[in-house]
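Inspection log for the structure reproduced underneath, given as structure tokens.
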Amino acid sequence: MRPPITVRTAAKVNLHLGVGAPREDGFHPLTTVYQAIGLCDDVTAYDSPVLELSLLPADWVDSGAVPLGADNIAHRAAVELGHHHQRDLTGRLVIEKSIPVAGGLAGGSADAAAALVALDRLHQLDTPDDVLLRIAADLGSDVPFALIGGTALGTGRGELVESVADVGTWWWVLVPSVEGMSTPEVYRHFDKLVPDAPDTPPDAEMLLGALRTGQPESLARALHNDLQEPAIDLRPELGRLIAQGESEGALRGLVSGSGPTVVFLAESADHARDLAGALMRTGHEVVLVANGAVAGAHLVSSHA
Ligand code: C5P
């Protein structure tokens, strides 16, 4: 028996999400800045004669929304890694899930990235990084970022990633929604609301400049998400939540990716804790605090 391998993998927020007009393949060209934050899933790969998946969800995770069969993205990751090595890869993948499902935080993509790293290590495949990144891109637009983590510029449909300078420690308060949102639906609504979107998405220069200052106030001014308006149009309560967090002292509130999670930027760790307390007192049951940037999918233990 090979010893199990545990890989930690982070949620992302999009600090800048510039969206262009849909391409011929239906995907939207993006200029985005991702940040990996300290809200993590742990994926453990155990030696097993079959490929199987199970979930250990945190209280706030809607486990019913996670498929455990062949359509789970972590399962697909295992199959695709196996294809590359021309063999069937097996393993029992246990996902300790804290990242809300369908929340705009790329939780599924994070699990896929973790499955790639964990199974590569379990089976001692030594897959080169560029191959892992290519397999990741085929699995989903956000999966390459989940491998590299930190803070990164994403272009193409989001799958082309390069790390960027980020000198700050940024504190975030997250308010997930009970019910997730469909990413394709939010993109379709963007097309309806912005029929004349440019072919080239809005650039991220202001955001990249703000990251280099390390000042939360600068970052707050630069945060930008073209999917926020369509998400709020579909779920008006998200707009009210942003206003509420800002009135409680958040530097800025923003829909994360395609939503529905709302993230609030705080000045410091203490400020984030105070803000989270205030939001909980106004009736939000689940309020999470996380800082960024943190590492991409990485080994935390090999239980020898
Ligand atoms: O790449 P991923 O599988 O995560 O994308 C899910 C869906 O989100 C796509 O099928 C598409 O509808 C939408 N999407 C898009 N443009 C992107 C990324 C995602 O339209 N750049």
Side-chain angles (χ1 to χ4, degrees), residues 10-20 28 30-37 39 60 62 65 99-110 140-142 145 151 154 157-158 170-194 197 201-202 204 206-207 210 216 219-266 272 275-276 279 282-292:
K12 63 84 184 153
V13 293
N14 299 84
L15 310 180
H16 173 95
L17 181 50
V19 181
H28 293 71
L30 303 183
T31 301
T32 187
V33 178
Y34 298 105
Q35 184 167 90
I37 61 168
L39 169 64
W60 55 84
D62 178 9
I99 307 174
V101 181
L105 298 167
S109 300
S141 306
D142 295 338
F145 173 69
T151 305
R157 59 181 165 86
W170 313 100
W171 285 92
W172 300 99
V173 176
L174 288 79
V175 184
S177 290
V178 176
E179 207 184 320
M181 265 170 109
S182 147
T183 300
E185 188 187 348
V186 177
Y187 273 106
R188 276 197 301 275
H189 205 56
F190 171 86
D191 295 339
K192 213 168 107 187
L193 294 183
V194 194
M206 185 176 167
L207 194 283
L219 188 66
R221 279 192 296 274
L223 294 171
H224 174 89
N225 180 2
D226 281 338
L227 294 182
Q228 175 158 306
E229 197 189 326
I232 291 176
D233 206 50
L234 291 166
R235 287 262 182 104
E237 67 264 32
L238 299 181
R240 292 193 285 274
L241 172 55
I242 289 173
Q244 187 187 20
E246 290 181 348
S247 76
E248 294 285 358
L251 296 178
R252 210 30 223 286
L254 189 80
V255 169
S256 179
S258 57
T261 305
V262 170
V263 296
F264 294 101
L265 183 63
L275 179 61
L279 285 164
T282 60
H284 297 285
E285 257 177 57
V286 181
V287 182
L288 307 167
V289 173
N291 69 347

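Note that the coordinates shown come from a computational prediction; the quantities given were computed from them, not determined experimentally. When a residue number appears, it is its place in the shown sequence, counting from 1. Worth knowing before you read on, the calculation uses all heavy atoms, side chains too, and leaves out hydrogens, waters and symmetry mates.
Val255 is not listed as a side-chain neighbour of Met181, based on a closest heavy-atom distance of 4.5 Å or more. Between Thr282 and Glu248, some side-chain heavy-atom pair lies under the 4.5 Å cut-off. Taking 4.5 Å as the limit, every side-chain heavy atom of Val175 sits out of range of all side-chain heavy atoms of Val286. The closest side-chain heavy-atom distance from Leu234 to Pro260 is not below 4.5 Å.
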Side chain to side chain contact (heavy atoms under 4.5 Å, CB included), that's the test. Do Val178 and Asp62 meet it? Break it down for me.
CA-CA 8 Å; Val178 176; Asp62 178 9; over 6 Å; no
Using the rule given for side chain to side chain contact (heavy atoms under 4.5 Å, CB included), can you reason through Leu254 versus Val13, listing the C-alpha separation, both sets of side-chain angles and the distance that settles it, and then say yes or no?
CA-CA 10 Å; Leu254 189 80; Val13 293; over 6 Å; no
Could you walk me through whether Thr32 and Phe145 pass the side chain to side chain contact (heavy atoms under 4.5 Å, CB included) test, one step at a time?
CA-CA 11 Å; Thr32 187; Phe145 173 69; over 6 Å; no
Can you check side chain to side chain contact (heavy atoms under 4.5 Å, CB included) on Thr31 and Leu17, steps first, answer last?
CA-CA 6 Å; Thr31 301; Leu17 181 50; over 6 Å; no
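In this structure, the separation between CG on Leu241 and CZ on Arg235 is 11.5 Å, given to the nearest 0.5 Å. Distance check: His284 NE2 to Leu279 CG gives 5.5 Å after rounding to the nearest 0.5 Å. For the atom pair Arg240 CZ and Ser247 OG, the distance stands at 13.5 Å (nearest 0.5 Å). Between the NE2 atom of His28 and the CG atom of Asp226 there is a distance of 10.5 Å, given to the nearest 0.5 Å. Thr261 contributes atom OG1, which lies 4.0 Å from atom CG of Leu105 (distance to the nearest 0.5 angstrom). Between the OG atom of Ser258 and the CG atom of Asp142 there is a distance of 8.5 Å, given to the nearest 0.5 Å.
Put simply, the side chain of Glu246 gets close to the backbone of Gly253: a donor and an acceptor are under 3.5 Å apart. Lys12 places a side-chain N or O within donor-acceptor distance of the main-chain N or O of Gly104, the cut-off being under 3.5 Å.
Nearest heavy-atom pair, Phe190 versus Gly20, reported as atom, atom and distance to 0.1 Å: CE2-O, 3.9 Å. The two atoms that bring Leu265 and Ala220 nearest to each other are CD2-N, 3.6 Å, heavy atoms only. For Pro100 against Leu39, the heavy-atom pair with the smallest separation is CD-CD2, 3.9 Å. Here the closest heavy-atom approach between residue Leu174 and residue Ala290 is recorded as CD1-CB, 4.2 Å. Of all heavy-atom pairs spanning Ala210 and Trp170, the tightest one is O-CH2, 4.2 Å. A pairwise comparison of heavy atoms in Val289 and Ala276 identifies CG2-CB, 3.7 Å as the closest pair.
If you run side-chain contact (heavy atoms from CB on, under 4.5 Å) between Leu227 and each of Asn14, Val19, Thr183, Ile232, only Val19 comes through. Among Arg252, Gln228, Glu237, the single residue meeting the side-chain contact (heavy atoms from CB on, under 4.5 Å) criterion with Ile242 is Gln228. For the side-chain contact (heavy atoms from CB on, under 4.5 Å) with Trp172, the lone residue among Val263, Leu275, Leu288 that qualifies is Val263.
For His224, the ring-ring contact (aromatic ring centres under 6.0 Å, His included) partners two or more places apart in sequence, or in a different chain, are His16. Take Ala110 and apply the side chain to side chain contact (heavy atoms under 4.5 Å, CB included) test, not counting sequence neighbours, and it matches Thr9, Ile99.
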